[in-house]
Trainee: 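Can you keep this structure in mind? I'll have questions shortly.
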Amino acid sequence: MSGDQRESDPRDLALRVEALEALLQEKGFLDSTQVDAIVRHYEEDVGPLNGAKVVARAWTDPAYKTRLLADGTAAIAELGFGGPQGEYMVVLENTPTVHNVIVCTLCSCYPWPVLGLPPTWYKSPAYRSRIVREPRTVLREMGLELRPEVEVRVWDSSSEVRYFVLPERPAGTERLSEEELRQLVTRDAMIGVGAVRAGEASRG
Amino acid sequence: MANATAAFALAGSAAPPRRNGELLFEAPWESRLFGLTLALYEAGFFEWEEFRKLLCEEISAWEAQSAPQESWSYYARWRVAFERLLAQKGLLTEPELEACMKSLAARPSGHDHASLHGDEEERTR
């Protein structure tokens with residue numbers, strides 16, 4: 001089944017996937033409307049806004065933050081998020097001395113329920129190999145300059161665990177509401193390749 | 001886990017689309033392939049870990065064999081892993097797939113995507 005590892009023509013791939021869907025539907029294993037709904041769900045509903053809600057709650061509710069760091073899966077489920085790729089969530093807290101960043105060196109594991117599907121660069125061979133070997137350089141290239149005294153920890157997904165970074169709450173945001181804080185939290189900050197900035201414009 | 005998507009569809013329904021300006025899928029076949037995989041997973045045909053292992057294997061095999069300039073396609077690797085899974089589970093065989101591709105390729109040009117099994121011919125006759 002793996003004799004055709006090299007795809008030459010994208011049209012062949014499209015045709016192949018079309019045939020897969022036709023056959024699986026014909027055999028009664030799935031329904032195309034169900035596939036439509038899944039794709040729409042991941043394109044429109046699941047995304048980093050979920051993670052941003054978790055982060056903003058943790059910043060404003062110390063008891064929630066304690067629960068989140070103790071049992072990520074349960075605390076994230078409190079906000080209504082869960083599902084595939086989120087069965088065992090571990091939340092990593094950034095501090096003034098420790099910066100966490102996540103990767104999946106083997107494939108593309110990613111905490112879907114809080115971040116949606118991973119961006120293209122996250123799945124690229126370059127990011128997956130380089131972030132482990134030279135994290136500071138990669139982070140700098142991505143626009144995140146860390147002070148020399150900050151320890152960088154790179155977390156590689158294992159078969160079960162999905163990591164998720166709790167970024168530092170920026171200074172100067174003390175008066176912002178949970179709702180306003182959410183607007184500051186970016187996907188990149190929750191992967192660990194960015195920081196949350198107080199002045200960041202709303203992404204709305 | 002069967003209702004995972006439905007369960008968090010509720011939670012996320014108020015959320016506006018957020019893609020950070022990036023396309024999730026670069027071609028329609030990629031999103032269909034993703035959806036097919038999730039649909040079978042949610043129906044309980046396999047454990048996610050079974051698929052993940054195959055995907056990891058395919059990605060490392062590609063990385064071990066490919067020249068650096070060769071173009072990388074994540075969902076092309078996903079496709080191979082998914083087909084291996086289907087074969088392992090006895091859900092689909094390569095000859096079935098080849099035959100279906102042949103009949104799809106033989107469609108007259110402009111033929112609609114929705115009619116894969118001659119239903120349309122029946123209806124329009």
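Proteins come first, then strands; the chains are lettered A, B, ... in the order of their sequence lines, and each starts at number 1.
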Trainee: Just checking K27(A): does its NZ atom have more than 12 heavy atoms from other residues, nucleotides or ligands closer to it than 6.0 angstrom?
Mentor: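 Check passes, neighbour count above 12.
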
Trainee: Check this for me, if you would: do K123(A) and E26(B) make a salt bridge, where the nitrogen-to-carboxylate-oxygen distance has to be below 4.0 angstrom?
Mentor: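 Result for this pair is no, no salt bridge flagged.
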
Trainee: What pairs with Y127(A) under ring pair (Phe, Tyr, Trp, His ring centres under 6.0 Å), at least two apart in sequence or on another chain?
Mentor: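 Applying ring pair (Phe, Tyr, Trp, His ring centres under 6.0 Å) to Y127(A) gives W121(A), Y122(A).
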
Trainee: With heavy-atom distances below 4.5 Å as the criterion, would you say the side chains of L23(A) and L91(B) are in contact?
Mentor: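 In short, these two side chains do not touch, never coming nearer than 4.5 Å.
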
Trainee: In terms of heavy-atom proximity below 4.5 Å to chain B, should R128(A) be classed as side chain, backbone, both, or neither?
Mentor: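 The side chain, not the backbone.
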
Trainee: Atom CG in L55(B), atom SG in C109(A): separation rounded to 0.5 Å?
Mentor: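 Atom-to-atom, L55(B):CG and C109(A):SG are 8.0 Å apart.
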
Trainee: For the atom pair CG (L20(A)) and CG (L86(B)), what is the distance rounded to the nearest 0.5 Å?
Mentor: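 With rounding to 0.5 Å, CG (L20(A)) is 6.5 Å from CG (L86(B)).
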
Trainee: Between R52(B) and E160(A), is the closest basic N to carboxylate O distance under 4.0 Å?
Mentor: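 Here E160(A) does not pair with R52(B) in a salt bridge, since their nearest N and O are not under 4.0 Å apart.
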
Trainee: What are the two closest heavy atoms between S31(B) and V39(A), and how far apart are they?
Mentor: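 Heavy atoms only, the tightest pair is O-CG2, 3.1 Å.
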
Trainee: Below 4.5 Å, heavy atoms only, C-beta onward: do C107(A) and E57(B) meet side chain to side chain?
Mentor: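 They are not in side-chain contact.
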
Trainee: Could you tell me which non-hydrogen atom of M101(B) sits nearest to which non-hydrogen atom of L15(A), and how far apart they are?
Mentor: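 In this case the closest contact between M101(B) and L15(A) is O-CD2, 3.8 Å.
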
Trainee: Specify which of E30(B), K53(B), E63(B) makes the most heavy-atom pairs with chain A at under 4.5 Å.
Mentor: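 The candidate making the most pairs under 4.5 Å is E63(B).
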
Trainee: Are P125(A) and W72(B) side-chain neighbours, meaning at least one heavy-atom pair lies under 4.5 Å?
Mentor: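 Yes, close enough: below the 4.5 Å cut-off.
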
Trainee: Please find the pair of heavy atoms, one from R79(B) and one from V17(A), that lie closest to each other, and give the distance.
Mentor: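 In this case the closest contact between R79(B) and V17(A) is CG-CG2, 4.4 Å.
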
Trainee: Taking atom CD as the centre, does Q88(B) end up with more than 12 heavy-atom neighbours from other residues, nucleotides or ligands that are less than 6.0 angstrom away?
Mentor: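 Above 12, so yes.
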
Trainee: Using a 4.5 Å heavy-atom cutoff, which residues in residues 57-78 of chain A come close to chain B?
Mentor: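 Answer by number: none.
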
Trainee: Checking ring-ring contact (aromatic ring centres under 6.0 Å, His included) for the pair F34(B)/W112(A): CA distance, chi angles, key distance, verdict?
Mentor: CA-CA 13 Å; F34(B) 173 81; W112(A) 291 356; 5.5 Å; yes

Trainee: Where does T105(A) contact chain B at under 4.5 Å (heavy atoms): side chain, backbone, both or neither?
Mentor: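 No part of T105(A) comes within 4.5 Å of chain B.
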
Trainee: Might you point out which heavy atoms bring L38(B) and P84(A) nearest each other, and give the distance in Å?
Mentor: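 Scanning both residues, the minimum pair turns out to be CD1-CG, 4.2 Å.
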
Trainee: So for E49(B), is it side chain, backbone, both, or neither that comes closer than 4.5 Å to the heavy atoms of chain A?
Mentor: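 For E49(B), the side chain is the part near chain A, not the backbone.
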
Trainee: Counting C-beta onward and ignoring hydrogens, is there a side-chain heavy-atom pair between F45(B) and L30(A) closer than 4.5 Å?
Mentor: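 SC-SC contact between F45(B) and L30(A) ruled out.
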
Trainee: Could you check if a side-chain atom of L106(A) sits within less than 4.5 angstrom of a side-chain atom of I59(B), using non-hydrogen atoms only?
Mentor: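 No, every pair of side-chain atoms sits at 4.5 Å or beyond.
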
Trainee: Below 4.5 Å from any heavy atom of chain B, which atoms of D31(A) appear? Answer side chain, backbone, both or neither.
Mentor: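 Looking at D31(A), nothing touches chain B.
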
Trainee: Apply side-chain contact (heavy atoms from CB on, under 4.5 Å) to L117(A) and F25(B), showing your working.
Mentor: CA-CA 10 Å; L117(A) 298 181; F25(B) 302 106; 3.6 Å; yes

Trainee: Do you know which of S60(B), A39(B), S73(B), A99(B) has the most heavy-atom pairs under 4.5 Å to chain A?
Mentor: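 Looking at each option in turn, the highest pair count goes to A39(B).
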
Trainee: Would C100(B) and E26(A) count as a side-chain contact (heavy atoms from CB on, under 4.5 Å) if you check the C-alpha gap in whole Å, the side-chain angles of each, and the deciding distance to 0.1 Å?
Mentor: CA-CA 11 Å; C100(B) 184; E26(A) 190 174 271; over 6 Å; no

Trainee: Counting only heavy atoms closer than 4.5 Å, note whether A27(B) contacts chain A via side chain, backbone, both or neither.
Mentor: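 Neither part.
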
Trainee: Do E18(A) and W29(B) come within less than 4.5 Å of each other through their side chains, counting heavy atoms only?
Mentor: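 No, side chains not in contact.
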
